[in-house]
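Just the heavy atoms: all of them, side chains too, but no hydrogens, waters or symmetry mates, feed the values below. In this text the structure is predicted, and so the values were computed from the model without any measurement.
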Amino acid sequence: MGQDRELQLVTDIRKGDRSAMSDLYRYYIGYLRALCSRYVTDDDDVNDILQSCFIKIFTSMDRFQYRGQGSLKAWISRITVNESLRFLHRNRKDDAFKDSILKEAEESDDADPEVEDIPADVLQQMIRDLPDGYRSVFNLYVLEEKSHREIAEMLGITESTSASQFHRAKKILAARIKEYRKRTNG
C-alpha cells in the first residue's frame, strides 16, 4: 500500500468513514491472521483476537502517529502481537510444558537445524505446534527480532526464562525436523 493511500485511510478512518475501515480490514486481514496464527493455534481464538484487534485499531486511530510508508502496518502489527500475547497470558495452562515435550527437547542436539529443504508450510506447522510459551518466545526472538530483555518485559518473565524457552524451542524444532526428514526421505 502506497504512502498516499495509507495516509488517506488513516485520515478517513479518523473521520469515521466505514468504507475506509472496510478497505483497511480487507487489505490487512490476511497478513494479521498469519501474524496472529504464529502465536495462537486455534482458528476460533485467532478470529476472536483479530476482532479485538480491529476494534482497538479503529478506536485508537486518533492516537496513531503517521511516520511514513509502513508505519501503519507496523502499528497494527504491534497491536496484533500484543493482543495475541495478552490472550495467551490470560489462557495460560499449567500443563503447557508436558514431559514428552521436555524429553523431546533434551534428546535433540544443540546444533541449529538446516531448514532450506523443509517446505514452509511444514515448518510453520512445526512452530505452531510448540507449547504456547516456547512458541511465543521463538516468534518474538526470530520473527519480531526482539531481545530476551524485551521479550521478558512483554511476557512478564525473566530474561533467563526467555533464553531457556528459546533454546528449548529450537531443540524441539530440531528434533521434529530430524523426524520429518526420516519420514520423508525413508
Side-chain angles (χ1 to χ4, degrees), residues 27-50 52-53 70 73-74 76-186:
Y27 190 79
Y28 286 112
I29 187 63
Y31 170 75
L32 295 180
R33 179 176 304 286
L35 180 61
C36 185
S37 293
R38 290 180 190 166
Y39 298 92
V40 178
T41 57
D42 182 80
D43 289 336
D44 290 335
D45 291 335
V46 168
N47 290 335
D48 290 345
I49 292 166
L50 288 173
S52 296
C53 289
K73 183 177 182 181
I76 65 175
S77 296
R78 192 168 44 255
I79 289 172
T80 302
V81 168
N82 288 339
E83 287 298 309
S84 299
L85 294 175
R86 273 191 205 94
F87 172 85
L88 290 173
H89 185 71
R90 283 191 313 267
N91 296 290
R92 184 176 290 164
K93 294 183 176 79
D94 292 333
D95 64 348
F97 306 112
K98 295 183 178 178
D99 291 338
S100 62
I101 298 293
L102 292 174
K103 185 173 185 270
E104 187 177 357
E106 290 166 4
E107 291 173 355
S108 177
D109 60 26
D110 282 342
D112 288 347
E114 295 295 324
V115 296
E116 289 78 25
D117 62 326
I118 307 295
D121 61 324
V122 171
L123 188 57
Q124 183 178 10
Q125 189 58 51
M126 288 178 186
I127 294 169
R128 287 190 78 191
D129 289 342
L130 290 170
D132 291 347
Y134 293 176
R135 184 178 60 252
S136 296
V137 169
F138 183 86
N139 283 321
L140 288 167
Y141 189 83
V142 173
L143 303 174
E144 307 293 329
E145 300 179 347
K146 301 290 184 190
S147 69
H148 287 300
R149 177 179 301 237
E150 291 170 312
I151 294 168
E153 289 172 9
M154 292 174 80
L155 300 180
I157 58 177
T158 65
E159 284 182 60
S160 62
T161 298
S162 175
S164 173
Q165 288 187 355
F166 176 70
H167 180 72
R168 288 181 178 154
K170 281 189 357 182
K171 289 182 89 166
I172 291 169
L173 289 173
R176 290 181 180 170
I177 288 168
K178 184 177 178 182
E179 182 59 34
Y180 174 81
R181 285 193 178 116
K182 280 185 195 175
R183 283 194 321 265
T184 58
N185 296 332

- Assess whether side-chain contact (heavy atoms from CB on, under 4.5 Å) is satisfied between D132 and N91, documenting all intermediate values. CA-CA 10 Å; D132 291 347; N91 296 290; over 6 Å; no

- Item | Worked verdict on I172 versus D129 for side-chain contact (heavy atoms from CB on, under 4.5 Å) | CA-CA 10 Å; I172 291 169; D129 289 342; over 6 Å; no

- Message: Under the criterion side-chain contact (heavy atoms from CB on, under 4.5 Å), I'd like the reasoning laid out for E144 against E150: C-alpha separation, chi angles, the key distance, then a yes or no.
- Response: CA-CA 11 Å; E144 307 293 329; E150 291 170 312; over 6 Å; no

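Salt-bridge annotation for R86 and E83: present, with a side-chain N of the basic residue lying under 4.0 Å from a carboxylate O of the acidic one.
When all heavy atoms of T80 and I76 are compared, the closest pair comes out as OG1-O, 2.9 Å. Between Y39 and L88 the shortest heavy-atom distance is O-CD1, 3.5 Å.
Once rounded to the nearest 0.5 Å, the distance linking NZ of K170 with CG of L130 reads 13.0 Å. Note that CD1 of I49 is 11.0 Å distant from CG of D44, once rounded to the nearest 0.5 Å. Distance CZ/R135 to CE/M126: 15.5 Å, rounded to 0.5 Å. Interatomic distance, CG of N82 versus NE2 of H89, reported as 13.0 Å (0.5 Å rounding). A distance of 11.0 Å separates SG of C53 from CG of D48, quoted to the nearest 0.5 Å. With rounding to the nearest 0.5 Å, the separation of OH in Y180 from CG in N185 is 8.5 Å.
Counting non-hydrogen atoms of other residues, nucleotides and ligands closer than 6.0 Å to CZ of R128 gives a total above 12.
For the pair S136/L85, a side-chain contact is recorded, criterion being any heavy-atom separation below 4.5 Å from C-beta on.
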Side chains of residues 30-37: which donor-acceptor partners sit under 3.5 Å, not counting sequence neighbours?
{"residue": "Y31", "atom": "OH", "partner": "S77", "partner atom": "OG", "Å": "3.2"}
{"residue": "R33", "atom": "NH1", "partner": "N47", "partner atom": "OD1", "Å": "2.6"}
{"residue": "R33", "atom": "NH2", "partner": "N47", "partner atom": "OD1", "Å": "3.3"}
{"residue": "S37", "atom": "OG", "partner": "R33", "partner atom": "O", "Å": "2.8"}

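Looking at D121 and Q125, their side chains never bring a donor and an acceptor atom within 3.5 Å of each other.
Among the candidates L143, V137, V142, the single residue satisfying the side-chain contact (heavy atoms from CB on, under 4.5 Å) test with N139 is L143. The side-chain contact (heavy atoms from CB on, under 4.5 Å) with I118 is formed by just one residue from the set I177, L173, T184; it is I177.
Under the rule for a side chain to side chain contact (heavy atoms under 4.5 Å, CB included), the partners of Y141 that lie at least two apart in sequence or sit in another chain are H148, I151, F166.
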